[in-house]
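The structure appears right after this line, and notes come after that.
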Amino acid sequence: MANKKSSKKRIVQTAVKNTRNSMLRSACRTAEKSLRTLVLANKKEEAVTAFAIAEKKFSSASSKGVYHKNTVARKISRLSKLLTKVA
């Protein structure tokens, strides 16, 4: 366990940051999963709105440093490519 005040503060800050990052990652995965299920069900209108939500969540996570910008670009590109396959 840390003895210095600054070390204790860093432990608390790391825990808060870890919680926030895991919440954002989870929200991104949930948005992606909901989009994929709508695409498989051939629900185009709902899939388009789900894509917009997923894109916003991934961009937000990228700006906060949870995902690298190229990772987000790749994921959004793959999701948009998947969206075009909906009948």
Side-chain angles (χ1 to χ4, degrees):
M1 187 63 193
N3 292 323
K4 292 185 178 182
K5 187 175 181 181
S6 61
S7 299
K8 291 178 184 178
K9 182 179 177 182
R10 289 304 305 165
I11 290 171
V12 171
Q13 287 176 335
T14 302
V16 169
K17 189 176 177 184
N18 187 11
T19 304
R20 186 183 327 116
N21 288 348
S22 62
M23 285 171 45
L24 288 170
R25 264 194 312 273
S26 176
C28 288
R29 284 193 296 259
T30 303
E32 182 178 0
K33 186 176 180 181
S34 66
L35 173 62
R36 288 184 184 276
T37 55
L38 288 170
V39 167
L40 288 175
N42 283 330
K43 297 182 178 178
K44 182 147 180 110
E45 296 82 19
E46 293 94 343
V48 170
T49 57
F51 175 74
I53 292 169
E55 186 177 17
K56 186 173 182 179
K57 293 213 183 263
F58 275 112
S59 298
S60 174
S62 173
S63 69
K64 292 180 178 26
V66 177
Y67 288 114
H68 191 271
K69 64 177 186 169
N70 291 348
T71 303
V72 170
R74 183 181 67 241
K75 286 181 179 285
I76 290 174
S77 174
R78 288 179 181 170
L79 290 176
S80 67
K81 189 176 177 182
L82 182 73
L83 186 63
T84 59
K85 295 181 180 179
V86 178

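Just the heavy atoms: all of them, side chains too, but no hydrogens, waters or symmetry mates, feed the values below. Just so you know, residue 1 is the first one in the sequence shown, and it goes up from there. Values in this document were obtained by computation on a predicted structure and should not be read as measured data.
- Taking each heavy atom of Ser63 and Ser60 in turn, the nearest pair found is OG-O, 2.8 Å.
- Remark: the backbone N or O of Arg10 is paired with a side-chain donor or acceptor of Thr14 at under 3.5 angstrom.
- Proximity of Thr71 to Lys75: side-chain heavy atoms (C-beta onward) are separated by under 4.5 Å at one or more points.
- Distance check, rounded to the nearest 0.5 Å: OG1 of Thr49 to CG of Leu35 gives 9.0 Å.
- Put simply, the side chain of Ser62 never gets that close to the backbone of Phe58: no donor and acceptor are under 3.5 Å apart.
- Between Leu38 and Ala50, the closest heavy-atom pair is CD1-CB, 3.7 Å.
- Counting only heavy atoms from C-beta outward, the side chains of Leu79 and Glu32 approach each other to under 4.5 Å.
- Annotation: side chain of Arg36 is in contact with side chain of Leu82 (closest heavy-atom distance under 4.5 Å).
- Between the side chain of Thr19 and the backbone N or O of Ala15, at least one donor-acceptor pair lies under 3.5 Å.
- Considering every non-hydrogen atom in both Ala2 and Ser7, the closest pair reads CB-CB, 3.4 Å.
- The shortest side-chain heavy-atom distance between Lys5 and Lys8 does not fall under the 4.5 Å cut-off.
- Note that CZ of Arg29 and CG of Leu24 are 11.0 Å apart. Values are rounded to the nearest 0.5 Å.
- Counted within 6.0 Å of CZ on Arg74, heavy atoms from surrounding residues, nucleotides or ligands total more than 12; the atom is thus considered enclosed.
- Ser59 contributes no side-chain N or O that, together with a main-chain N or O of Lys56, makes up a donor-acceptor pair within less than 3.5 Å.
- Separation of atoms NZ (Lys85) and CG (Leu40) is listed at 11.0 Å; rounding is to 0.5 Å.
- Checked by atom type and distance alone, the side chain of Ser22 pairs as donor or acceptor with a backbone atom of Asn18 at under 3.5 Å.
- By the 4.5 Å heavy-atom criterion applied to side chains, Cys28 and Val72 are not counted as neighbours.
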